[in-house]
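Input: a single structure, listed below in structure tokens.
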Amino acid sequence: IILILLIFIYSVMGMSLFGRVLVDPNTSGGLDRHANFQTFSKAVQMHVRMMFGEAWNAIMWDCIDRGYNDGVAEGVTFAFFLSYQFIMGYVCLNLGVAVILDFFDAANREDERVLKPAHVELFAR
């Protein structure tokens, strides 16, 4: 739920900061017709894509190059993209660790239920 909430918050922030940045249909990798902040659905798709590390720096540099004329400073753009990468990296790392620990705990509980030879000998007496 935290992951979805963070993607929602950053998508809305991205739309308000970079929604009017011009999109060049002839480029690929950065801001293009598939990855932009013009609509909420495209912003969410782009944030999921950036969460996995795909071309987030190209998108950031396109927002800096094309967004500076729109009144968005470079510092705000750096802060937006870097904070997103750090926060999402932290959340995804913790999610992965939680899954591993959960499986480890489940495996330990299964080992406790296994009938061992010592148990059979104790029962046979």
Side-chain angles (χ1 to χ4, degrees):
I1 293 185
I2 291 176
L3 198 63
I4 294 169
L5 182 64
L6 285 171
I7 289 173
F8 175 80
I9 290 170
Y10 271 94
S11 296
V12 171
M13 283 174 42
M15 285 176 57
S16 71
L17 290 172
F18 309 110
R20 293 178 292 182
V21 173
L22 297 176
V23 175
D24 187 9
N26 298 325
T27 62
S28 63
L31 286 176
D32 57 10
R33 62 187 177 102
H34 298 293
N36 56 58
F37 290 103
Q38 293 176 349
T39 64
F40 181 73
S41 62
K42 297 256 187 199
V44 168
Q45 289 173 358
M46 188 173 62
H47 276 96
V48 170
R49 173 181 153 183
M50 287 177 14
M51 180 175 61
F52 293 106
E54 184 179 341
W56 71 269
N57 53 352
I59 295 168
M60 178 182 70
W61 286 112
D62 282 350
C63 286
I64 288 173
D65 293 340
R66 301 178 199 165
Y68 191 77
N69 297 330
D70 196 31
V72 179
E74 284 185 23
V76 173
T77 306
F78 280 128
F80 177 80
F81 283 95
L82 292 178
S83 68
Y84 179 77
Q85 290 300 315
F86 285 131
I87 290 172
M88 294 309 267
Y90 179 74
V91 169
C92 288
L93 179 68
N94 281 332
L95 183 64
V97 168
V99 167
I100 290 170
L101 288 177
D102 186 44
F103 281 123
F104 183 71
D105 186 43
N108 281 341
R109 278 187 268 137
E110 287 177 8
D111 285 345
E112 292 172 358
R113 293 185 294 209
V114 174
L115 187 62
K116 296 183 171 64
H119 295 126
V120 174
E121 291 176 18
L122 184 64
F123 180 74
R125 287 189 204 175

Taking distance alone, no hydrogens or angles, what donor-acceptor pairs closer than 3.5 Å link side-chain atoms of residues 52-59 to residues at least two apart or in another chain?
none

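- One hydrophobic cluster, built from ILVMFWY side chains closer than 4.5 Å, cannot hold both Phe86 and Val97; they sit in different ones.
- Within the structure, no pair that satisfies the ring pair (Phe, Tyr, Trp, His ring centres under 6.0 Å) test touches residues 89-109, not counting sequence neighbours.
- By the 4.5 Å heavy-atom criterion applied to side chains, His47 and Leu6 are not counted as neighbours.
- By the 6.0 Å contact criterion, CG on Leu93 is enclosed, its count of non-hydrogen atoms from other residues, nucleotides or ligands being greater than 12.
- By the side chain to side chain contact (heavy atoms under 4.5 Å, CB included) test, Thr39 pairs with Ser41, Lys42, sequence neighbours left out.
- Separating the CG atom in Leu95 from the CD1 atom in Ile100 is a distance of 10.0 Å, to the nearest 0.5 Å.
- Hydrophobic cluster of Ile1: no remaining members, since no ILVMFWY side chain lies below 4.5 Å from it.
- With sequence neighbours left out, Leu3 forms a side chain to side chain contact (heavy atoms under 4.5 Å, CB included) with Met51, Met88, Val91, Cys92.
- A search for ring-ring contact (aromatic ring centres under 6.0 Å, His included) contacts involving Tyr10 returns Phe80, Tyr84, not counting sequence neighbours.
- Summarising the geometry, atom CD1 belonging to Ile87 is positioned 9.0 Å from atom CD1 belonging to Ile9; distances are rounded to the nearest 0.5 Å.
- For an aromatic pair to be called close, the ring centres must be under 6.0 Å apart, and Phe81 with Phe18 satisfies this.
- Side-chain atoms of Gln85 come within 3.5 Å of backbone atoms of Met50 as a donor-acceptor pair (strictly under, hydrogens ignored).
- Shown here are the side chain to side chain contact (heavy atoms under 4.5 Å, CB included) partners of Phe40, two or more places apart in sequence or in another chain: Phe8, Ser11, Val12, Met15, Val44.
- For Leu5, the CG atom is densely surrounded, since the number of other residues' heavy atoms within 6.0 Å is greater than 12.
- Gln38 pairs by the side chain to side chain contact (heavy atoms under 4.5 Å, CB included) definition with Val23, Asn36, not counting sequence neighbours.
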